[in-house]
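Accompanying notes for the structure given below.
Since we're looking at a predicted model, the values are computed, not measured. Throughout, a chain's letter reflects where its sequence line sits, starting with A, and its residues are numbered from 1.
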Amino acid sequence: MIRDDLAAAVREALSALGVDPLPERVDLERPGRREHGDWSSNVALATAKKAGRNPRELAAQLVEHLSAAPPAHVLKVDLAGPGFVNFHLAPTWLHDILTEVVEAGPDGYAKPDLGQGRSVNVEFVSANPTGPVHAGHARGAAHGDSVARLLTRTGHAVTREFYINDRGVQMQKFGQSLAARKAGEEPPEGGYLGEYVTEWAQELPDDVDPVVWGEERALQDQREALGAFGVHFDEWFSELTLVDSGAIETTLAELLERGVAYEQDGATWLRSTDHGDDKDRVLVKSDGEYTYLLPDIAYHRDKFSRAEQLINVWGADHHGYIVRMKAAMASLGLDADALEIEIVQMVDLLKDGEPMKLSKRAGTVVELRDIVDEVGADAARLTYLLQSIDSRQTVDLAEVASQGMDNPVYYVQMAHARIHGITRRADEAGFPRGPLADADLSLLTHERELDVLRALSELPDVVRLATEDRAPHKVTTWVRDLAGAFHGFYHDCYVVGDGVSPELTQARLWLAESARIGLSIGLDLLGVSAPETM
RNA sequence: GCGCUUGUAGCUCAAUUGGAGAGAGCAUCUGACUACGGAUCAGAAGGUUGGGGGUUCGAGUCCCUCCAAGCGCGCCA
């Protein structure tokens, strides 16, 4: 890795210059501006004070020392600004990137082993089994799945898990609603009013428990809709199994035994204030019923027995429960820091610029299935992964459905399809791509060509950062960058045709192939397909 | 009232975790194709990073404060 080589050279130079103490890390960054070189180090600024040196002087000495015996690919080292040391590299370093990308391939390039096999359970969606998956789950579904993809790529043993809340009053209401509709009656107070209840009720057999049947019906529907969205779970975990196995009672007993739960006013409470909560929380109501919290604690306790690290993807309306759930884990002696809860902010759906009024009560929900049918899974997923989950998102379905330039998914997929177009054309023209070893990559000197390779050189960092930050949108941003670089190359650099030598054609075919690999890695991490034709 | 999240170009969003002159896309204006899919490319214009203080070589990023928006604050789930 070029960066490691440069960092080592800087470290060696610091040592030779008698800098003491030596910094723990020497970071190499990519400057924002081209004239600042290909790589830059701020080490002089960062260490000058501790070492009792003047930053600019130290930087000047570093430049002098490094220039005397420049590392591989380095053309020039210079001093800039308040004390930056900038490296200007020959294009050969980018040709090495091309080779690296092609040799590693889609399954090997940009695959840092961050997890080293660490088991991670990613729980997301977890919609109630009382109806279809709706638009409110879609952003979390896209996010959770993409995080799982990132973790898988970076060496984690990932389980995608869906928690089924199939115990409690809402299930009873749902079953009653189905039965009522089947009998041609209105659902009971607090029941489910959506149209799907009436439709499903037509399928309800006479001799079954509507609750049991209804759950299966809902899960089947959810599985299908999520599958069409490209999201598949490894584990569908039923809350009822916690009742059957006695895990809920066991958990309650353990909490009492540890003295972190107590009885008062006829109820059982969790002493969550010991761990930062602003009040203690009820686990068992005075009527003997569990609150939602106790089964949830038992569930997370179970997950901790199956994975080293837990990630929950929750909607913004649940952020208030983070503290109590972590408090519960800490109360059980589990590592609350290994439970990571990600909050996905709300999505405002628009249709042609008009807000869509959604009401679960009135049954006017937009189903995930509707979105996929209307705009396609690819466009929907890329749209949800366009920006940070920390900020509220506005999605106009009409815009997402459009196949115009305002839609990033087509821009990116087009780049991928174009590469296949080039390959096809090269084959037809009698210039099939030969072995990489025979290609003269030093012919790749056009700025457009180098821009593509620069983008590819950044992918390993992007994958690492996106994984560490659980931020798939960083991948989206990068994929758009690479696609932009490729479109520029495509426009200015013909691969096959008059005036292009066979040698240059070969080099450019390999450049296109490296871009194809990069695009397919990025799109795969987002769960978006990489089509060969549009 | 308290807590979490957010506030960056007309619009939608980035910003290598404290780095150099804050960048893209869309929209607007001006240009570019008898060749690989123009669903493309280039250029211009567009900013007091919500306001104000502070920390330091350096702040969109960290701290304090104020303003605004969303979401929460139940022996509901």
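For the OP1/OP2 pair of B:A77 and a distance below 4.0 Å, the side-chain nitrogens and oxygens of A:Lys285 include at least one atom meeting the criterion. For the pair A:Tyr490 and B:A39, the criterion of a side-chain N or O lying under 4.0 Å from OP1 or OP2 is not met. Between B:C41 and A:Arg448, no contact under 4.0 Å exists linking OP1 or OP2 to a side-chain N or O. Applying the 4.0 Å criterion to OP1 and OP2 of B:G3, one finds that A:His318 has every side-chain N and O outside that range.
Between B:G50 and B:A69, the two C1' atoms lie 11 Å apart (nearest whole Å). Comparing the C1' positions of B:G51 and B:U8 gives a spacing of 15 Å, expressed to the nearest Å. Rounded to whole Å, the separation between the C1' atoms of B:G46 and B:C13 comes to 16 Å. For the P atoms, the distance linking B:G72 with B:A9 amounts to 28 Å, nearest Å. Atom name C1', nucleotides B:A27 and B:U65: the rounded distance is 37 Å, in whole Å. Between the P atoms of B:G60 and B:G52, the separation comes to 13 Å (whole Å). Rounded to the nearest Å, the gap between the C1' atom of B:C29 and that of B:A45 is 8 Å. Nucleotides B:U61 and B:G10 place their C1' atoms 25 Å apart, quoted to the nearest Å.
For A:Thr291 and B:C75, a side-chain-to-base donor-acceptor distance below 3.5 Å is absent, hydrogens and geometry of angles not being considered. Judged by distance alone, with hydrogens and angles left aside, A:His491 brings no side-chain donor or acceptor close enough to the base of B:G38 to form a pair under 3.5 Å. Within 3.5 Å, a donor on the side chain of A:Tyr321 pairs with an acceptor on the base of B:C76, or the reverse. With hydrogens and angles ignored, a donor-acceptor pair under 3.5 angstrom links the side chain of A:Asn86 to the base of B:A20. No hydrogens or angles were tested; on distance alone, nothing pairs the side chain of A:Asp317 with the base of B:G72 as donor and acceptor under 3.5 Å. The base of B:A14 is not paired with the side chain of A:Ser388 by any donor and acceptor separated by under 3.5 Å. Counting distance only, with no hydrogens placed and no angle test, the side-chain atoms of A:Arg418 and the base atoms of B:G37 include no donor-acceptor pair under 3.5 Å.
Between A:Glu161 and A:Lys303 no salt bridge is recorded (no basic side-chain N to carboxylate O distance below 4.0 Å). Using a 4.0 Å cut-off between a side-chain N of Lys or Arg and a carboxylate O of Asp or Glu, A:Glu428 and A:Arg425 do not qualify as a salt bridge.
The closest donor-acceptor contact from the side chain of A:His416 to the backbone of A:Gln413 lies at 3.5 Å or more, if one exists at all.
For A:Tyr494 and B:G38, the OH to P distance is 9 Å, given to the nearest whole Å.
Stacking of the aromatic ring of A:Phe84 onto the base of B:A20 is found: the ring centres lie under 5.5 Å apart and the planes are inclined by under 30°.
The two residues A:Leu385 and A:Pro472 have their closest heavy-atom pair at CD2-CB, 4.1 Å.
Judged by distance alone, the side chains of A:Asp296 and A:Tyr321 never bring a donor and an acceptor atom under 3.5 Å apart.
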